[in-house]
Structure formats: C-alpha cells, structure tokens
**Student:** 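Got a structure here, written out as structure tokens. Questions coming.
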Amino acid sequence: MSDTPLSLLNRVFGYPAFRGEQAAIVDTVAAGGDALVLMPTGGGKSLCFQIPALLREGCAVVVSPLIALMQDQVAALKELGIAAEFLNSSLDGATAAQVEREFVSGQLKLLYVAPERLLTPRFQSLLEQARVALFAIDEAHCVSQWGHDFRPEYLGLSALHERFPEVPRIALTATADTATRAEILTRLDLGAARVFVASFDRPNIRYRISEKSDPRRQLLDFLGEHKCEAGIVYCSTRKKVEETADALKQAGFTALPYHGGMDNDTRRRHQEKFLREDGVIMVATLAFGMGIDKPDVRFVAHMDLPRSVEGYYQETGRAGRDGEPAEAWMAWGLQDVVTQRRFIDEGEAEDAHKRVGHAKLDALVGLAEAASCRRVALLSYFGEASQPCGNCDVCINPPILWDGTEAAQKLLSAVYRTGQRFGAGHVIDVLLGKTTEKIDRFGHGQLSVFGIGAGQTDKVWRAVLRQLVVRGLLEVDHSAFGALKLTPAARPVLKGEETVMLRAIEARPARSRKTRLAVDHSDEDPLFLALRAWRRETANQKGVPAYVILHDATLREIAARRPATRAELGEIAGLGTKKLEAYGEAVLAVVKEG
C-alpha cells in the first residue's frame, strides 16, 4: 500500500500530525490487531477506525447506536471523498437495497449499522458475502450492565469474534471506569486486545456546580453569558423539559424541547435544527446527546443531578468538541439525592447492582460537594492523577468552610429527640422554635432542642441538613414519608469525637448588565463572521450541518492567517485535498473580499 497513516491524515483529513496515542491505535488495528480505546469526547476517536478502514482491504463495519450519529459521520466522510453509507430505519427499501449491493460488491470503505440490524440473519448473510476490513464498536460502554447507559442489544456483539475471528475489532468509548472497562473486554471477547487509555482531561471545559436556590433564575443568569451560542440543557423529567424550554423562549432564547414522549418526526426536526443552525439551545432529557458530533456546543447545563460521574462526564463532554472554550454548569440540591436514592432502592435490580448504584451516586455527590479542584476529583474517579486546574469554579473562587460541628450536633439531636419520625421541614421548625400546629400536636415545643437553632436562618439549616445527608450522617427513610434517621456515622459527631467542616452557603451574585444582556459579538473578526455566513449558505445548499463543511477552528485560523493562494490555504488544519478542491476558490474569494 502506497498510503501511510500519516499521509492519509494529511491528505484526506487535513491534519498535520496525530494526537496522543492515535498513531499507535491506528497501527494496531491496521495491522489486524484488536483494541479497546478510551478517549474523551472530541479526542479524535473516529480517526482511530476511519484511517485503518482506508488502509485495509474491504469495508469497515461501524456499530453505532444512533441514527443521527450515523447520518452525520457519513455526511462528513462523503465531504472528504470517502465512500461511506449507513443502514438504518430512515432509509426506504430501495435505498437500503442499493446500499447492501454496494457493500457486498466492495464499493464502500465504511458502513454504519445499528447493533440490532447487525445481528439479524439478513445482515449476517451480507457479512459472509462481503469483505470486511474491521469491526468498529462505538459507544462500547453500552455493553456494560454496570455502566450508565446499558443497552441489551450490545451483548450480542461478542458473536462477531466467533463468526469472523480473522477480522480485527476496535471498541471505543469516552466513559468507562475500571469495572466497566473489564466488562467491555469480557462481554465483547476482547481478552487479547491492546487497551489504550488517553487522558480524560478536557482542559477547555470550565466546570461550575451550584447549589439550587432558584434554579430557573440561576439557569437564566448562566445563559446570559452564552447568548447566541449553541448549548444543551438537561432536565430530569419530560414536564420539566417542556417548562424550561418555554421559559427560555419567553426570555428570548432559541430553545427547543426533546424527550421520549414526543413523536419521532418532531424529535427529528428539533435535532436537525440544533445541528444545522447557530445559537440553538436543546432542552432535553438524557435521551438526547449520545453520538452528537456538533463541535461548537459552547455549554452543557444540568438542571438536576445526573445519575453517575460517568454520565456527567459524557454529557458535559458534548461541549467544546472543537477544543474552543466551553462551560459545564450544574444546579443540584438535596432533593436530587433523595429522589435518586429512592429510585435505586425501589428498583427491581439485584442487591449488587443497587450497591453499585449507591456508590456511583455517592461519588457524584462527592464531586458536587468538592471543596478543592473539581477537575482533580473528576479525573481521580477515572484513575488519573492531576494538579489543580485553575479553570473550575472551586479553583477560581474557593468555597468558604466553617466549623459546623456544633450546628451538626444540634440538628442531629433534634432528629433524635423528635423520634426520627419527621422530615426536614418539621425538624428545622423545631430548631427555629416555630409555633406550628404540628409542633403543638406532638408536644415538641417542650423538647430541650426546641429553639436551640434560632440563631441561624431556615436557609442555613437546610444547607447543614443537606450536607449531613450527603456525608451519610443522616438518611432519608423513603418508606416512612421521608423521615430523617441517624446513621452509625452520627454517633462520634454527637459525642464530640469528630469535627464537621461545612461549606458556607453560596452568596447569590449580583446580576450585572453583563449577565442580563446578550454577549456582544461585535468584536468578532468580520472575516470570521463572513466565513461563517458563507459556510451556513453552503451547508444549507447541501443539506448538511455547517460543521460538516468546515469547523469553527478552521475558519478562525483562515481569518487569522488570511491566505491569498491555494497553497497557503492548504497549510491550514482541517482542509484536506477534497475540501480544498471543493471550497478553496470560494474561501479565497471571501478572504479577498474581507
């Protein structure tokens, strides 16, 4: 073969050099070896199987869980001049049959299919007739029952090695802890595979986590810093998705809802608008996002606590795929923790799975409560050591800690003296010395703890309570209508044997004009804006997302360097031979006019 991995990277994809372990992964798979690749979103996972597909004889079969992902990646490959297609339910019978014929006859270099289709007898027959270069299993964490996004259909993919032992396989994911990695290797029969673990760090993402006070207002304040930018807002329920999307529209944002209760056509239209237009905010449940390749998502916001650190990492990783600055913001509160623990406890899973679920939730709460660098805590979860980043809310504005031992003792005593039968509201009323019908009815006004917390506000006591629950000194009994109960960990605190340091309540920042008004884009380079306008028009004409034409990073470099010739333009990253031929003259014309 005359082509080398590096020459293909330069000529076809327009990049000067491989990043990290990409070159080693490409060499392994191109030589016929198996690989498990853990690489963060935006780290270049696709190149790890696309280049071996071009180097090897035959067609690479890419297992992908989502129609949107297949369509976007195939559109991008075609722009590069690569023969690629997909087979999924969006195709009519005649088109699907044509793709099958091209696959069997060897006209394709990459074919994207869903795991359900790949395992059908019909497709297995096609595999027998075609020459398969390699199998790429994307979103491989879906095979793990311990993971955050288990999909039963992935379990059947181990059959690939049994039926086609000579065909190399590469499994790829952006999120997998140690247990999930082990299960991927076992369930996909990848015992002999080389394992490549890239750094999980996404240094361009700024992490910000806030305690819930007025979540809707907090979200609007955050979005005020990202006016006219694309982003995703995650909500825990369909109702909340609809309400939040409506609120954002009323506030002047271009926002669309997305959840499983909507019909397929509406979901498709909303997703296409998000992918193809600038400045659209998608408000969604977790049903949205896996495999979304949109590189210029500038923020991801969580209105509720996700289910695990893996989920949080994957969802926030959808921001800033282009390497440009991006933000991950989350608001969370005690009720999020209580709800998720109840969901785990009342589920039908086996006890072992429930224990894992609680451990994952505890790890996520620990990240939210972190009093030191969030990035250090996040990377530590995945087994990676790091130094404080200087680019998260804790590094930028370290939280104030106070000795909350006495406050903790008062609250724990109030829970104990009231019989461990009441919820947060009643216990705090007792501490504050309030006169209520309930306190009168149970005679709690006569307790020694009545009024001992009057020196603090209701808000402070709720913050103390939340942190004691998070730390495991108190638990919420779901079977007793949310009654608070002491855990064994409370004893040494009550006896004065342990000190309890608590985070001070966050002061709500004053809302300045900067956070209320849209971000001023008038200082953007006029040439960059002109290039974006050209790209938008070109993408609309071709019916593809704008980023399939050229990424923002490429446009910014063009605007900065202002190339005057085809040769100078060809030196810019992201412009391979095919794109240079297709768009070179048009881009140079825009540069000349600008």
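Keep in mind it's a predicted model, so treat the numbers as computed, not measured.
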**Student:** For Leu580, what residues pass the side chain to side chain contact (heavy atoms under 4.5 Å, CB included) criterion, not counting sequence neighbours?
**Tutor:**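 Here the qualifying residues are Arg566, Leu569.
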**Student:** Check this for me: does any side-chain nitrogen of one of Arg562 and Glu568 sit under 4.0 Å from a carboxylate oxygen of the other?
**Tutor:**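 No, no charged N to carboxylate O under 4.0 Å.
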**Student:** Assess, by modelled atom type and distance only, whether the side chains of Gln22 and Tyr15 contain a donor and an acceptor separated by less than 3.5 Å.
**Tutor:** no
**Student:** Any donor and acceptor pair, going by atom type alone, linking the side chain of His270 with main-chain N or O of Pro257 inside 3.5 Å?
**Tutor:**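 A pair under 3.5 Å: yes.
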**Student:** Look at Asp72 together with Lys294 and state whether they make a salt bridge at an N to O cut-off of under 4.0 Å.
**Tutor:**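 So Asp72 does not pair with Lys294 through a salt bridge.
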**Student:** State which residues pass side chain to side chain donor-acceptor pair (under 3.5 Å) with Arg216; sequence neighbours excluded, sorted by chain then number.
**Tutor:** none
**Student:** How far apart are the C-alpha atoms of Tyr154 and Glu116, what are their side-chain angles, what is the distance that settles it, and do they pass the side-chain hydrogen bond (donor to acceptor under 3.5 Å, both in side chains) test?
**Tutor:** CA-CA 8 Å; Tyr154 264 69; Glu116 302 93 330; over 6 Å; no
**Student:** Under a 4.0 Å threshold between the charged nitrogen and the carboxylate oxygen, would Asp336 count as salt-bridged to Arg341?
**Tutor:**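 No, no charged N to carboxylate O under 4.0 Å.
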**Student:** When you measure from the centre of the six-membered ring of Tyr313, is the NZ or CZ of Arg202 under 6.0 Å away and within 45° of the axis?
**Tutor:**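 Because its charged atom misses either the 6.0 Å distance or the 45° angle limit, Arg202 does not stack over Tyr313.
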**Student:** If we ignore angles and hydrogens, is there a donor and acceptor under 3.5 Å between the side chains of Gln73 and Tyr112?
**Tutor:**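 Tyr112 and Gln73 do have a side-chain donor-acceptor pair below 3.5 Å.
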**Student:** Whether Asp304 and Lys240 form a salt bridge (side-chain N of Lys/Arg under 4.0 Å from carboxylate O of Asp/Glu) is what I want to check.
**Tutor:** yes
**Student:** Between Asp393 and Arg206, is there a salt bridge with N-O shorter than 4.0 Å?
**Tutor:** no
**Student:** Using atom types as modelled and distance alone, determine if a side-chain donor or acceptor of Arg375 lies under 3.5 Å from a backbone N or O of Ser386.
**Tutor:** no
**Student:** With sequence neighbours left out, what residues match Phe274 under ring pair (Phe, Tyr, Trp, His ring centres under 6.0 Å)?
**Tutor:**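 If we apply the ring pair (Phe, Tyr, Trp, His ring centres under 6.0 Å) test to Phe274, skipping adjacent residues, the hits are Phe288.
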**Student:** So Arg536 and Glu277, salt bridge (Lys or Arg N to Asp or Glu O under 4.0 Å) or not? Walk me through it.
**Tutor:** CA-CA 8 Å; Arg536 187 184 313 115; Glu277 297 183 17; over 6 Å; no
**Student:** Mind checking whether Trp329 and Tyr207 have ring centres under 6.0 Å apart?
**Tutor:**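 No: the rings miss the under 6.0 Å criterion.
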**Student:** Report yes or no: do His141 and Thr173 form a side-chain donor-acceptor pair below 3.5 Å?
**Tutor:** yes
**Student:** Please answer whether the main-chain N or O of Ala553 pairs with a side-chain N or O of Asp322 as donor and acceptor at a distance below 3.5 Å.
**Tutor:**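 Such a contact is absent between Asp322 side chain and Ala553 backbone.
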**Student:** Going by side chain to side chain contact (heavy atoms under 4.5 Å, CB included), name the residues that satisfy it together with Asp263, two or more places apart in sequence or in a different chain.
**Tutor:**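 Asp263 satisfies side chain to side chain contact (heavy atoms under 4.5 Å, CB included) with Asp265, Thr266 only.
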**Student:** Just jot down the salt bridge (charged side-chain N to carboxylate O under 4.0 Å, His left out) partners of Lys109, sequence neighbours excluded, or say none.
**Tutor:**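 For Lys109 there are no salt bridge (charged side-chain N to carboxylate O under 4.0 Å, His left out) partners, ignoring immediate neighbours.
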**Student:** I'd like to know whether Gln314 forms a side-chain hydrogen bond (donor to acceptor under 3.5 Å, both in side chains) with Glu310, so could you lay out the CA-CA distance, the side-chain angles of the two residues, the decisive distance to 0.1 Å, and finally the verdict.
**Tutor:** CA-CA 6 Å; Gln314 185 181 54; Glu310 294 99 323; over 6 Å; no
**Student:** Which residues pass the salt bridge (charged side-chain N to carboxylate O under 4.0 Å, His left out) test with Asp138, sequence neighbours left out?
**Tutor:** none
**Student:** Will you find, in the side chains of Tyr547 and Arg321, an N or O donor that is under 3.5 Å from an N or O acceptor?
**Tutor:**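 Tyr547 vs Arg321: no donor-acceptor pair found between side chains.
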**Student:** Tell me, please, which residues at least two apart from Lys78 pass salt bridge (charged side-chain N to carboxylate O under 4.0 Å, His left out).
**Tutor:**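 Salt bridge (charged side-chain N to carboxylate O under 4.0 Å, His left out) list for Lys78, sorted by chain: Glu85.
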**Student:** So, are Glu243 and Arg238 salt-bridged, with charged N and O less than 4.0 Å apart?
**Tutor:**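 Salt bridge between Glu243 and Arg238, a charged N being under 4.0 Å from a carboxylate O: no.
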**Student:** Does Lys578 NZ have over 12 foreign heavy atoms under 6.0 Å away?
**Tutor:**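 Counting neighbours around NZ of Lys578, 12 or fewer heavy atoms of other residues, nucleotides or ligands fall under 6.0 Å, so no.
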**Student:** Using the ring pair (Phe, Tyr, Trp, His ring centres under 6.0 Å) criterion, which residues pair with Phe299? Sequence neighbours excluded.
**Tutor:**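 For Phe299, the residues satisfying ring pair (Phe, Tyr, Trp, His ring centres under 6.0 Å) (neighbours in sequence not counted) are Phe222, His226.
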**Student:** The criterion is side chain to side chain contact (heavy atoms under 4.5 Å, CB included); which residues satisfy it with Glu557, sequence neighbours excluded?
**Tutor:**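 Listed in chain order: Arg561, Ile572, Ala573.
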**Student:** Mind checking what makes ring pair (Phe, Tyr, Trp, His ring centres under 6.0 Å) contact with Phe196, not counting sequence neighbours?
**Tutor:**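 Residues passing ring pair (Phe, Tyr, Trp, His ring centres under 6.0 Å) with Phe196: none at all.
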**Student:** Please enumerate all residues that pass side chain to side chain contact (heavy atoms under 4.5 Å, CB included) together with Glu272, with sequence neighbours excluded.
**Tutor:**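 Only Arg268 meet the side chain to side chain contact (heavy atoms under 4.5 Å, CB included) criterion with Glu272.
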**Student:** Taking 4.0 angstrom as the limit, do Arg298 and Asp296 come out as a salt bridge?
**Tutor:** no
**Student:** Which residues pass the ring pair (Phe, Tyr, Trp, His ring centres under 6.0 Å) test with Trp332, sequence neighbours left out?
**Tutor:**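 Scan of Trp332 (ring pair (Phe, Tyr, Trp, His ring centres under 6.0 Å), adjacent residues dropped) gives none.
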